[in-house]
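Presented below is the structure to which this report refers.
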Amino acid sequence: MSNKNDLVVNPAPHIHSPMTKNRMMQYTFFAILATIVVSTILWSSVTTPSGWNLGTTVAICAFISVGIAVALDFLIGKVAVDSEVNTWSAAVFGLIVTACYSLGYPGMAVMDGTPIEMGIPVEAPLAFFYVALISVIGLVVFKKVMSLAGRKLVNPAAAAKFLVLLPATFTTLVTSWHLPTGMLMVPSLADGIGATTIVGGNGGAAFGSYLQGCYAIPTATTIDSIESIMLLAKYHGWVGGASSIAVIIAGIALFALGRKYFKWKITVSYLIAISVLSVIFSLAFGDVDLVTRLLFELFMGSSIFMAFFMATDPATTPYGGFGQIIFGIGLAVLTIIIQTFMGFFGGSLLALLIMNLAVPFIDRIRINKPFGR
Amino acid sequence: MANLVHIPEQKEIARKSPIEIFPDPKVAVVLINQQSGASNQLLVKVGDIVAIGQKIADTKERISAPVHSPISGKVIKIENAYNSCFEAPTDAIYIENDGKKTKDKSIIPITEAQLATTKNEDLLKIIREAGIVGMGGAGFPTSAKLAVPADKKIKYLLVNCAEGEPYDTADERIMIERTTNIVRGTRVVRKLLGNPKVIVVTKDSKVEAVQKLREAYSKEPDTEVRATHLTYQQGDAAMMQKAILGYETPAGKRSYEMGTIVQNVATINAIANAVFEGEPLISRVTTLNGDIAKPKNLLVKIGTPVSDILTANNISDCGSVVVGGVMMGVALQTSDAPVTKRTSSILCFSKATLKKAPKPTACIHCGRCVDACPVRLQPVAIYNAVIKGDFEKAEKMWAKDCIVCGTCSYVCPARVPLAANIKMARG
């Protein structure tokens, strides 16, 4: 034999399961892409006052964020000696940037009669700039630089969005829109929700009609029921969460395909904890309208999309099953508290960042002793 | 046990291939250490003429096993050679075959009728002198394992017929073709352990073997053949006790302290050969499998160079040769390395297969290894400690409890070499 001494010597085991990192990322990519396609189709029936079709806006945003992420990932992989080029991972990140960006045009803004000039970057072309900025910062700072330093501490898309939109909230949202109109337009959840009660004093309407005003299709003559809005189609908010049903189907399909490789325990424990807490809060505040609170907390875009696709990001969540359940419950508790008492209706984003930072500790908790101990 | 990972068996052709006798090698390369435990010293020197079955290396230590010449001929060379069972070099004795087949008869066999009246010490002496070691891969001297302290009562003898390693079918063929031999071997072991209950544990996928075992063991007293759906990991002795008897052996305790001995079927076959035929462990059945056209089972002399077997079977495109099982075995540095007592299989993987295999990448923290570990360790955490050189932390996380089954590396989607690094911490 000529090749006697040039045998490849690898450590045991010498075979591996067919699942690879890349395949996991491909599955995730197509699952998220499915939800974004649904959003694009749904939203293509709406045109904002600036003349942009919302569906087109979503599609362009997705191309921008994915394109930037993949290109930068490739570039960094070429110039940094020890950086892996993970094209699929970068593409997934790009899609999540678009999916967790708030687009749309709340119907209530035109309900006053004359369309209000929106200061928040929820419309094209300004939205393109923000999406691009989040994509760049998320990929470079929170994905690549953190990976080089050891491991990712926080979900890159969530952290980048938070970092970019925090100043935007103060400079554009509050000053150019909410302050001149005299209303913050965001009702509080920290009291009993009823069909007619205006809670917190700063809402323009009762909670149910606020939801309908905010999320229903702006061109509609008859407003859809809260159930159908929260479950089937919202026309404002997170791109990825436009249709809760679509997210749930895509998410379950993903978990079924990559069985045992995706952290579905986080999703399940989060959704159960959210439901239980909503009921508890509802009883505590004496809600007339329990269903509205429950639907809002569960199926708002930031909640449902995050539960399936962001809270399950492998790198920034606990690796043990027990830790994943703690993580899901913690995420739910923080989300509910932030949304109820801080009046911040994207509370799960902040909650996710806090829980991400707690992961190194959660990973150290173990109840499961080794065999025979 | 819901989390045990199923690994495809890949045994379809090999399990149907009868054992073929492979011709004696022209030059046998016998490693003087093929056991775990005390090291052997040479008993021969260059130029000596040896007979088949003659002891050529031994030691006086208790936990040890001698090695024997597999062929008759002349010792032509003694040198440090690549060791295919410990991943480190050891002395090897090169014996040139003279073709005379002269036999050494220092082991005096007994007949089956004599078994009941033979003293346990004499039986253990035969097993010790025959150089029998655990043939499932561990290589632990069997005479030491079966010499159970008198105050310990053994309740169960589990005959390990699981053969969990994918590709390997040598044990399965032994079960089919040497059934009566393993039954009488089981009698020897049962007598040594004070007549415990015997459970023959096998997998339901070994249809033909299960049938043969059921027939052969049906007349044995206090014996049960149990064919269940075992996964690869349950071939491990501790895991098997959990699966069959339901308890977890406390860490640090030996299996016999819990009243159970698990004995591999190939070892029992070797015990029968030694006790009733006077034949020391100089040959074994091994599976030739992998990316090859004709997987088969061969009865080969220990000391046969692997390259002889590959050449005889026209296997030339080898990127990697793995001996002793695809999950726990060792990849050979050179195919000149010989077959040892622990070579349960010889697996060839083509260059094309190796090329297709994904390269190791960074961990993505998915936690699959944590979920899959059969002994409930946290492989990724131990791995992270090991690569930082923090062996103290690794030990705190029970790295020593690892059974080196390789499941963590098998499932890892990033192909992180978890098992290999944890093995380092385990020592």
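By convention in this document, chain letters (A, B, ...) are assigned in the order of the sequence lines, proteins followed by strands, and residues within each chain are numbered from 1. Values below: every heavy atom of this structure, side chains too, minus hydrogens, waters and symmetry copies.
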Pairs of heavy atoms under 4.5 Å with chain A: top-ranked of [options]:
| options | answer |
| --- | --- |
| B/Ala238, B/Gly252, B/Pro358 | B/Ala238 |
| B/Val5, B/Val380, B/Leu377 | B/Val380 |
| B/Pro8, B/Gly325, B/Gly406 | B/Gly406 |
| B/Val306, B/Val321, B/Thr361 | B/Thr361 |
| B/Met397, B/Met328, B/Gln378, B/Lys253 | B/Gln378 |

Go through the structure and list residues passing side chain to side chain donor-acceptor pair (under 3.5 Å) with A/Ser17, not counting sequence neighbours.
A/Tyr261
Tell me whether [X] at atom [atom1] has more than 12 heavy atoms from other residues, nucleotides or ligands lying less than 6.0 Å away.
| X | atom1 | result |
| --- | --- | --- |
| A/Arg373 | CZ | yes |
| A/Trp264 | CH2 | no |
| B/Tyr247 | OH | yes |

[X] portion near chain A, given a 4.5 angstrom heavy-atom threshold:
| X | answer |
| --- | --- |
| B/Met327 | both |
| B/Ala381 | both |
| B/Val322 | side chain |
| B/Ile7 | side chain |

Using a 3.5 Å cut-off and no angle test, enumerate the donor-acceptor pairs between side-chain atoms of residues 362-375 of chain B and protein atoms at least two apart in sequence or in another chain.
unit_1	atom_1	unit_2	atom_2	d
B/His365	ND1	A/Thr317	O	2.9
B/His365	NE2	A/Asp363	OD2	3.1
B/Asp371	OD1	B/Asn3	ND2	3.4

Sub-4.5 Å side-chain heavy-atom contact between A/Leu353 and A/Phe162:
yes
Determine the option with the most heavy-atom pairs under 4.5 angstrom with chain B, choosing from [options].
| options | result |
| --- | --- |
| A/Thr312, A/Ile15, A/Asn10 | A/Ile15 |
| A/Pro370, A/Pro11, A/Ala12 | A/Pro370 |
| A/Gln324, A/Lys152, A/Arg151 | A/Arg151 |

May I ask you to decide if the ring planes of A/Phe262 and A/Phe255 are parallel, tilted or perpendicular, using 30° and 60° as cut-offs?
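Aromatic pair A/Phe262/A/Phe255 classed tilted.
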May I ask you to check whether B/Thr311 and B/Asp308 show a side-chain donor-acceptor distance below 3.5 Å?
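No donor-acceptor contact under 3.5 Å links the two side chains.
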Modelled atom types, side-chain donor and acceptor of B/Ser255 and B/Thr260, under 3.5 Å:
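Checked: B/Ser255/B/Thr260 side chains show no N/O donor-acceptor pair below 3.5 Å.
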Which atoms form the tightest heavy-atom contact between B/Ala385 and B/Ala394, and what is the distance?
CB-N, 4.0 Å
Minimum heavy-atom separation for B/Gln10 and B/Asn289, please, with both atom names.
O-ND2, 3.8 Å
Enumerate, atom names and distances included, each donor-acceptor pair closer than 3.5 Å involving a side-chain atom of residues 302-309 of chain A, sequence neighbours excluded.
unit_1	atom_1	unit_2	atom_2	d
A/Ser302	OG	A/Ser348	OG	3.4
A/Ser303	OG	A/Tyr270	OH	3.0
A/Ser303	OG	A/Glu297	O	2.8
A/Ser303	OG	A/Leu298	O	3.1

Only heavy atoms, only distances under 4.5 angstrom. Which residues in residues 89-97 of chain A are near chain B?
none
Toward chain B, the part of A/Arg364 with a non-hydrogen atom under 4.5 Å:
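Interface part for A/Arg364: side chain.
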